[in-house]
Amino acid sequence: MLVRLGYVAMSVHLQNASPSQTMTFAQFKRTEDRNAALRKLERISLSNLENCLRLLKHNKAYDISFFRLSSKLIPLANHEELLDWDYLPPLKQSLGVIGDFVNKNQMRVDFHPDHFVILNSEDKDLLKASLKTLRMHYQLLKLMKQNPEHRCVLHVGGGYNDKEKALEQLIENFSVIPTSLQKMLLFENDDTTFTFDETLFVCEKLDVPVVFDYHHHLVHHTNESWTSNWERAVKTWRHSNLPMKMHISSQRDEKDIRAHADYIDTKQFLEFLNGINGSVDQIDCMIEAKKKDDALFRLMKDLKMESSVEIINGSSFYFKP
DNA sequence: CGAGGTCAAGGGGTC
DNA sequence: GACCCCTTGACCTCG
């Protein structure tokens with residue numbers, strides 16, 4: 001089984017390379033010259049894209065070909081008081097350069113918008129705002145010359161005191177959103193509301209690939225045995241051009257088991273790999289750890305000592321127990 | 001110049 | 001139903 005590791009949005013090794021610099025709406029309003037404020041937003045966005053490209057070059061240097069792009073590349077892009085701001089034209093060229101680099105080096109990039117993007121609400125305005133953000137992600141992928149299919153992970157949403165109804169609402173809302181956006185999406189089990197079982201159920205209904213978050217499962221589940229549903233999860237990926245992917249992270253401490261640790265618990269990761277061995281040819285594992293790429297490096301270093309691991313390069317290995 | 005406060009948002013939990 | 005907590009990195013203010 002081929003395993004490839006990736007990490008999220010920013011590096012702890014590359015200095016001054018944030019792809020998520022921002023301007024808050026409060027700051028924006030304080031600027032008297034609105035046009036000057038918009039130009040500043042464009043400068044910040046361009047700087048974020050430059051840093052994004054620097055990160056991808058850093059990844060290439062360390063054989064990392066799986067990466068989650070920041071969803072904060074364009075500050076205030078979806079703010080309702082900036083509807084007149086046509087933010088994409090000044091960014092087209094930079095986005096194209098990023099796309100060329102990604103394609104040339106055969107990298108897998110994707111998005112995970114923050115948890116305020118919610119598709120299962122009965123609130124029409126909230127749904128509308130969420131769709132606007134999703135459209136931005138779609139356009140960014142297009143301008144980065146990526147096929148948007150299965151590149152944007154979301155959670156199921158709120159429980160609203162009636163999870164069954166909340167799941168039905170997701171199915172209903174999903175049916176009325178544009179097909180292009182439907183195809184872009186993936187759903188992931190969360191750590192407080194919708195478990196792996198429930199998320200898998202809705203993914204099967206909607207024919208959307210499921211993203212299994214092992215840490216979320218450990219802290220919140222209806223059915224402890226994730227392995228009993230694993231084959232079904234694999235099946236949700238059958239129409240995808242991309243290898244199955246999942247999220248790995250470890251708990252910070254006993255006090256707050258939901259919080260993410262700096263690094264990955266290698267032993268626990270190996271237990272997981274043993275659990276899925278043989279079910280897929282390839283799996284991409286997104287590391288969600290505070291120490292970002294450093295957590296990836298440390299995990300690879302640990303894995304080198306394992307007899308079940310045959311290293312391919314800086315972020316990939318064969319797992320053969 | 002570093003520590004601590006603020007910014008954004010919706011959901012969850014508590015009383 | 002009022003309140004505060006969760007999450008995140010970046011940015012801002014204060015001493």
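All figures in this text were calculated on a predicted structure; none of them were measured in a lab. Below, chains carry the letters A, B, ... as their sequence lines are ordered, and counting in each starts from 1.
- Contacts between chain A and DNA chain C, taken as any atom within less than 4.0 angstrom of a protein heavy atom, begin and end at C:dT7 to C:dC12.
- Salt bridge absent: A:Lys165 and A:Glu172 never bring a charged side-chain N and a carboxylate O closer than 4.0 Å.
- For A:His13 and A:Phe297, the ring centers are positioned less than 6.0 Å apart.
- In this view, A:Thr222 and A:Thr195 satisfy the side chain to side chain donor-acceptor pair (under 3.5 Å) rule, not counting sequence neighbours.
- Taking a 4.0 Å limit (strictly below) on heavy-atom distances, residues 22-35 of chain A reaches DNA chain B at A:Thr24, A:Phe25, A:Ala26.
- Residues meeting the ring-ring contact (aromatic ring centres under 6.0 Å, His included) test with A:Trp230, sequence neighbours left out: A:Phe212, A:Trp226, A:Phe272.
- In this structure, A:Glu81 places its CD atom 10 Å from P of B:dA9, rounding to the nearest Å.
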Each nucleotide N or O in nucleotides 12-15 of chain B that has a protein N or O under 3.5 Å away: list the pair and distance.
unit_1, atom_1, unit_2, atom_2, d
B:dG12, OP1, A:Gly159, N, 2.9
B:dG12, OP1, A:Thr193, OG1, 3.1

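- Note on ring orientation: taking the six-membered ring where Trp is involved, the planes of A:Tyr62 and A:His58 are tilted (angle from 30° to 60°).
- Salt bridge status for A:Lys72 with A:Asp114: absent, with no side-chain N to carboxylate O gap under 4.0 Å.
- Residues from residues 37-45 of chain A that place a heavy atom under 4.0 Å from any atom of DNA chain B: there are none.
- Around the CD atom of A:Gln93, the shell of radius 6.0 Å holds no more than 12 heavy atoms that belong to other residues, nucleotides or ligands.
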Chi angles and distances behind the side chain to side chain donor-acceptor pair (under 3.5 Å) call for A:Glu122, A:Asn173: CA-CA 9 Å; A:Glu122 287 187 76; A:Asn173 290 355; over 6 Å; no
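- Residues satisfying the ring-ring contact (aromatic ring centres under 6.0 Å, His included) test with A:Tyr160, not counting sequence neighbours, are none.
- In this structure, A:Asn78 places its CG atom 12 Å from P of B:dA9, rounding to the nearest Å.
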In residues 136-145 of chain A, what donor-acceptor pairs under 3.5 Å come from side-chain atoms, sequence neighbours left out?
unit_1, atom_1, unit_2, atom_2, d
A:His137, ND1, A:Thr133, O, 2.8
A:His137, NE2, A:Ser71, OG, 2.8
A:Lys145, NZ, A:Asp100, OD1, 2.8
A:Lys145, NZ, A:Asp100, OD2, 3.3

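- For DNA chain C, the residues of residues 109-133 of chain A within the heavy-atom distance limit of 4.0 Å (strictly under) are A:His115, sorted by number.
- Not counting sequence neighbours, the partners of A:Arg232 by the salt bridge (Lys or Arg N to Asp or Glu O under 4.0 Å) test are A:Glu204.
- Overall, the helix from B:dC1-C:dG15 to B:dC15-C:dG1 carries an axis bend of 60° between its ends, with five pairs at each end and the value rounded to 10°.
- Contacts between residues 212-221 of chain A and DNA chain B, counted as heavy-atom distances below 4.0 Å, involve no residue at all.
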Verdict with supporting geometry, A:Asn51 and A:Ser18, side chain to side chain donor-acceptor pair (under 3.5 Å): CA-CA 6 Å; A:Asn51 285 338; A:Ser18 169; 5.7 Å; no
